[in-house]
Peer 1: 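Structure below; questions to follow.
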Amino acid sequence: MSSTGTEQLQALYLQMCRIRWTEQALALLWRRGLASGEMHLGIGEEAVVAGVVGNLDDRDAMALDYRSTPALVARGVDLTSILLEVVGSPSGLCGGRGGHMHLMSREHLVAASGVVGAPGPLACGFGLAARTKGKGGVAVAFFGDGAVNEGMLMEALNLAAAWRLPVVFVCKDNRWAVTTRSSELTGGGLRRRLGAFGMPLDRVDGRDVESVAAAAARAVARGRAGRGPTVLLASCPRPEGHFLGDPLVRLTSAVGELAAEVRPLVAELVVRPGAPLAQRLSAVKGIGGKAAAVAVHAPARTSDPLRRAARRLPEATSRELAVVARREVETALGRVLGEAVSRA
Amino acid sequence: MSSTGTEQLQALYLQMCRIRWTEQALALLWRRGLASGEMHLGIGEEAVVAGVVGNLDDRDAMALDYRSTPALVARGVDLTSILLEVVGSPSGLCGGRGGHMHLMSREHLVAASGVVGAPGPLACGFGLAARTKGKGGVAVAFFGDGAVNEGMLMEALNLAAAWRLPVVFVCKDNRWAVTTRSSELTGGGLRRRLGAFGMPLDRVDGRDVESVAAAAARAVARGRAGRGPTVLLASCPRPEGHFLGDPLVRLTSAVGELAAEVRPLVAELVVRPGAPLAQRLSAVKGIGGKAAAVAVHAPARTSDPLRRAARRLPEATSRELAVVARREVETALGRVLGEAVSRA
Amino acid sequence: MPETSFSEAVDRALALAMTRDPRVVVLGEDVRLQRRGAFVRFGASRVLDAPISESALLGTALGAAMAGLRPVVEIYFVDFIGVALDQLLNHAAKLEAFTGGRWQAPLVVRAACGGGYGDAGQHQQSLWGLLAGVPGLSVVVPSTPADAAGLLLAAIDGPGPVVFLEHKLLSQQWLDYLGGASREGVQFDVPAAGARGEVGEPPVPVPLGVAALRRQGGDLALVSLGVGVHRCLEAAELLEDEGVWAAVLDLRSVAPLDVQAIVELGRRTGRVLVVDEDYTRGGLSGEVAAVLAEHGVRSAYARVTTEETIPYARALEDAVLPNVERIMAAAHALLVNAPGKRG
Amino acid sequence: MPETSFSEAVDRALALAMTRDPRVVVLGEDVRLQRRGAFVRFGASRVLDAPISESALLGTALGAAMAGLRPVVEIYFVDFIGVALDQLLNHAAKLEAFTGGRWQAPLVVRAACGGGYGDAGQHQQSLWGLLAGVPGLSVVVPSTPADAAGLLLAAIDGPGPVVFLEHKLLSQQWLDYLGGASREGVQFDVPAAGARGEVGEPPVPVPLGVAALRRQGGDLALVSLGVGVHRCLEAAELLEDEGVWAAVLDLRSVAPLDVQAIVELGRRTGRVLVVDEDYTRGGLSGEVAAVLAEHGVRSAYARVTTEETIPYARALEDAVLPNVERIMAAAHALLVNAPGKRG
Ligand SMILES: Cc1ncc(C[n+]2csc(CCOP(=O)(O)OP(=O)(O)O)c2C)c(N)n1
Ligand SMILES: Cc1ncc(C[n+]2csc(CCOP(=O)(O)OP(=O)(O)O)c2C)c(N)n1
Ligand SMILES: [Mg+2]
Ligand SMILES: [Mg+2]
């Protein structure tokens, strides 16, 4: 690997560590009840996000979904202000009014939304403005595999292609939409679908940050050169389930102990009237299969994008970078906890 | 051609004549001010509609757009009640409350909508009910080339594929959406788009009723057999423009005489400030090109689906069938005009 | 009558409806897990997981209803209706009118609504006023387990379309799902009486459009629905300590609206305070004023509503949603400004 | 001041805004033909034909506005907002609130609205109440050419987002487009004064949220907007023949609402009749009642609104929309029921 290659990887790895630690800080804030509502982490998406965002600069904009903190961190938005926002502080990124699903920074031209599919249209608008300004800016949309079935996202793919907008559509394919396997409900499959809007599609292993970075570089270059949009289809894991407290994850642990969540299902097997027993058993099997799939998925440490990247760096280097990132996040977290405690 | 082939063609041709005459009756009612609002005719779509609907029976349902009269006529909905509805009579198909964009018959399980894309979702629902009833019924959705960019239609294509619903999606590709050439704004093109949802696509010449009928027979058979949805992509002309009084058609005739509609555009070429002249001229050229395309399209009698079908029948037969259809429609029209006059 | 939670009551009513009528099907994202009881009992052909395609889904439910089924279709949160409103506004709600009564759409749209747990303004809206403003749509918002079961039964059996809104603060199931069950230290301002209550066995249908007087009182009428009813009951107790007798009217359905109950109570008390978690200009609170005025009831009037986009921070959120403090302040102002028994 | 038509006034205001500010762009289906004047003058980079994808289009306009442009985005008819409401409800309207004022969306959504030409209930709705109910959205509905130009200018220059609704009966351009120009025998009940009027050169911006008193009168206040204003003026003349002096207030914008003007006029006349082409429960007519009641104005109140889905047949349609006859009947009832000068 060339030395610039290594430098790039170091920078990317540092970013990924920052992201991972931030997500863990979020989990901590949430578990302590300091962050309210739902909490969707981006653990597993670090390589996708770092790889793409590493190609962006001040001209560029990003439209994000509810797993937005990784991209914000990678884009250089102040960590403390992100965490302060998530605990609802008046000094947060949005004055405590947006919260974790609606993190936005005008300065960085980034905006998140909790509505599935919303990043597509927004990125088109960012792209249109960038083109009008004529400085080579591009816009990036990050969204999930389930979002591809949301009408507005498909509309946005078409609009970007029809207007040849400088947009990079990044589909973070973690194979699940909450408790639903996307493959079961995506007619034709993701690849064919995303490839049907008249723009080039690049499929990458989203656990491999260098592959992502390379593919993103090509896509961004196309956009900057006025050659229109690109789709990146990046596979990645979802080790934490859909959100903190994910019902499938809970069900998984409940099965072992035949806990409260499982017992009622057994009762439904026998109550009359209802479907024939065979059908009922197959329903139970369906639920069980999902829970099992999630359980198998969760501890898949081999597919951890951070470990992958770390393995390609000298051990001392990777450890050093991890420490740097960790300190950074811990400093921010410390401030935020302090603030939260003093407000309470 | 086999005798059953001829019989089928005769039946289809009769249907097409009925449709054509009905559309002309509608035009007459509209021009006289007896039908209010907008009026979108289905002239040019006769072969598509007759070919598809000829395969349906009492188990089946249809979701239609605002060019719905052809399908209603072909499905056997009473002609007089259709025309009465369009003149707003209390004895009309919907008591005068729906009007020409919302013709519906519960008895026939057909419903029209003026919202672009709406037939997609509705047909999925009809298909779900048909499957639940388990009698082999299918649902048909008719929509245009422009509708393919409407999110809900793409969602419906996916949902039908994901649930393997017995739906036949019929895209009537007349190449225009009001004044916009669909090819310019449909990323990837119609064929690739419609083929991306995991169901078979059959492309047919929509001016050739027998080809349509054969393709539709296959699609309907798939649906009845529980093998899921199909898309038919059928090209067809739009000789009357988007609707009666189409602005492009009007512009076309205005150009010749430099009439009121054209003069202001010439003025816009010189008023300051504004875009450079070259850009302005190219805008004028764009508008002119569209108008010219419509003008060239209009008199394309060679592509008239009725003439095509007629040529394959003995002249006496086709003439006879045309007369039968005409009489039928004229009788209905006579009654409706009588009713309208007596109400006024 | 056994006491059950709000969510159990809904589950039971749904199971009852599905048992009685094989035309009842459940469609929605993740319903095979979210409604896993029904899925196991009634099987895959009656509980269908949908792609994230709300427009197609609502349209599918409508078509299925038009062709003879009785779908209960779920939208995660009512906030997301924005991506699919067309199906209700221009299709489901207009079918009966456009066909001169010849065709109906027996369809129930079920969605979670409401705020008070810190999810911010894109996931905590009420929007019942917006929906109820469309002629042809019914909108119900139960405040007790019995009403939840009863209104759901009536909605499923009725001519439709009905939007059935479950307030998340009343539903332990939703609060658990949204993270309440997996951590400590998070406090939701859940009204105790709403979360549990008696429900008949079998549950009794509750007709749409009939309000319930939850508390008698002649000095002041608190008119509300959903979680607001519980806030009003709490406020009414505090008012009683001050010697003020406040009636509490639970509208239960926004459309049809029980105009008669509003008018009578307005006449009787001379002071009406509407407590509506929907936006101030969302429609319901204004409608109550209009209904009173149209009927010549010149009662004093005030409202406690959600005046702006709901902010994320819990303290800001609490100040924006109709809480007991705000109700008390508005009640006091009303009593001061309209001291006579009748306006 | 030269006299121009409503549509010309809008065209002129748009041209002026585009001339002054290169950030103004026009996006929408068929706009290169529908706004061909602007297309020829400002070129393809500032007037963009969109695919039939209203959600993506509104989201694109929002993103563009957030990143520095000033888009005027067209939706054919406001009725179609149902397929894309999410972009307004959950995104455009919430941006400023979610960012604590740090980010705004200077965006104008332009759409035709209203009925009276026989297109039935899916294409003739008003829906301004539904839209105005969302905090963070402004909604304007001009009734004269000068207001059309002035409100459009103010909307484009303002912080946004603004929904700008053009009533089809006021716009010869729309009526021609919808078939009025190509046949005989079709009669639209177009108010003469609305279609033409004086407009400044250059047109003068009209601030949002300021109502205009179109006619003085102390016996009765007719409160309306859009075409309704013209129906009210006609009714006021007929009332004058009967010796009744009716004021006519043109609200001009639904949000922000000119509360002060409503309250003052209500106080002054003691009788308020709201003439609102939107649905009865759509929000605006109720809101006027609430505003009066909240301010302790115990005026008599009535409303003439669209009570149901608009039917297709012209005679049925006319009976459902607020026509002069219905206004007169409501005014008479109000005068009889509230005979005293003050309620
Ligand atoms: C329009 C809309 N519908 C439904 C939801 C509820 N919801 C939130 S996340 C989610 C799943 C999205 O799956 P995917 O796009 O694969 O993203 P992931 O969560 O896996 O990253 C759903 C259904 C929503 N937020 N918005
Ligand atoms: C949701 C929606 N957007 C816009 C319109 C306005 N509109 C009516 S027809 C039409 C063009 C549709 O084109 P296409 O689907 O090709 O059908 P065609 O008219 O050519 O048969 C448009 C844009 C509408 N009715 N509904
Ligand atoms: Mg996913
Ligand atoms: Mg077309």
Side-chain angles (χ1 to χ4, degrees), chain A residues 59-63 85 90-99 101-134 137 139 141 150-163 165 167 197, chain D residues 21-29 32 42-71 73 82-107 135-136 161:
Chain A
R59 298 167 288 180
D60 305 323
M62 300 193 300
E85 182 63 26
S91 339
L93 185 63
C94 302
R97 297 184 165 267
M101 284 196 276
H102 320 101
L103 292 163
M104 312 197 193
S105 169
R106 180 182 190 170
E107 189 192 336
H108 300 86
L109 279 180
V110 294
S113 170
V115 179
V116 168
L122 195 68
C124 290
F126 285 158
L128 177 63
R131 181 171 73 187
T132 307
K133 284 179 203 155
E150 188 67 63
M152 70 170 117
L153 193 90
M154 293 188 272
E155 288 185 359
L157 287 162
N158 177 61
L159 191 137
W163 287 3
L165 295 174
V167 178
F197 292 85
Chain D
D21 188 342
R23 296 170 304 173
V24 179
V25 294
V26 174
L27 318 175
E29 292 153 24
R32 287 190 176 165
F42 300 101
S45 63
R46 296 185 62 196
V47 181
L48 282 89
D49 269 351
I52 311 178
S53 307
E54 287 82 2
S55 283
L57 183 63
L58 283 188
T60 297
L62 172 59
M66 288 169 70
L69 301 185
R70 295 198 160 251
V73 56
V83 302
L85 184 70
D86 176 69
Q87 291 297 333
L88 297 182
L89 171 67
N90 288 324
H91 296 94
K94 298 206 171 14
L95 177 69
E96 189 168 344
F98 274 161
T99 60
R102 291 164 179 80
W103 211 345
Q104 294 178 322
L107 163 74

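All of these numbers come straight from a predicted model, not from anything done at the bench.
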Peer 1: Is the shortest heavy-atom distance from the side chain of A:P121 to the side chain of D:Q87 under 4.5 Å?
Peer 2: yes
Peer 1: So, using side-chain hydrogen bond (donor to acceptor under 3.5 Å, both in side chains) as the criterion, who are the partners of A:D60 when residues are at least two apart?
Peer 2: A:R224
Peer 1: Got a sec, which pairs hit salt bridge (Lys or Arg N to Asp or Glu O under 4.0 Å) with one end in residues 105-134 of chain A, sequence neighbours left out?
Peer 2: none
Peer 1: Using only atom types and a distance under 3.5 Å, with no angle test, would you say the side chain of D:R102 pairs donor to acceptor with the backbone of D:E96?
Peer 2: no
Peer 1: Taking D:P51, D:S45, D:G100 one by one, which has the highest count of heavy-atom pairs under 4.5 Å against chain A?
Peer 2: D:P51
Peer 1: With sequence neighbours left out, which residue pairs that include part of residues 48-62 of chain D fulfil the salt bridge (Lys or Arg N to Asp or Glu O under 4.0 Å) condition?
Peer 2: B:K290-D:D49
Peer 1: Using a 4.5 Å cut-off on heavy atoms from C-beta on, say whether the side chain of D:R46 contacts that of D:V24.
Peer 2: yes
Peer 1: Report which part of D:A50 has an atom under 4.5 Å of a heavy atom belonging to chain A: side chain, backbone, both, or neither.
Peer 2: both
Peer 1: Which residue out of A:H102, A:M152, A:M104 racks up the most heavy-atom pairs below 4.5 Å with chain D?
Peer 2: A:H102
Peer 1: Does any heavy atom of chain A fall under 4.5 Å from the side chain of D:L58, the backbone, both, or neither of them?
Peer 2: neither
Peer 1: Can you pull out the residues in residues 112-119 of chain A with any heavy atom less than 4.5 Å from chain D?
Peer 2: A:S113, A:V115, A:A118
Peer 1: To the nearest 0.5 Å, what is the distance between CH2 (D:W103) and OG (A:S105)?
Peer 2: 7.0 Å
Peer 1: Please classify the contact between A:L93 and chain D as side chain, backbone, both or neither, with a heavy-atom cut-off of under 4.5 Å.
Peer 2: backbone
Peer 1: Where the side chain of D:R32 meets the backbone of D:V47, is there a donor-acceptor pair that is under 3.5 Å apart?
Peer 2: yes
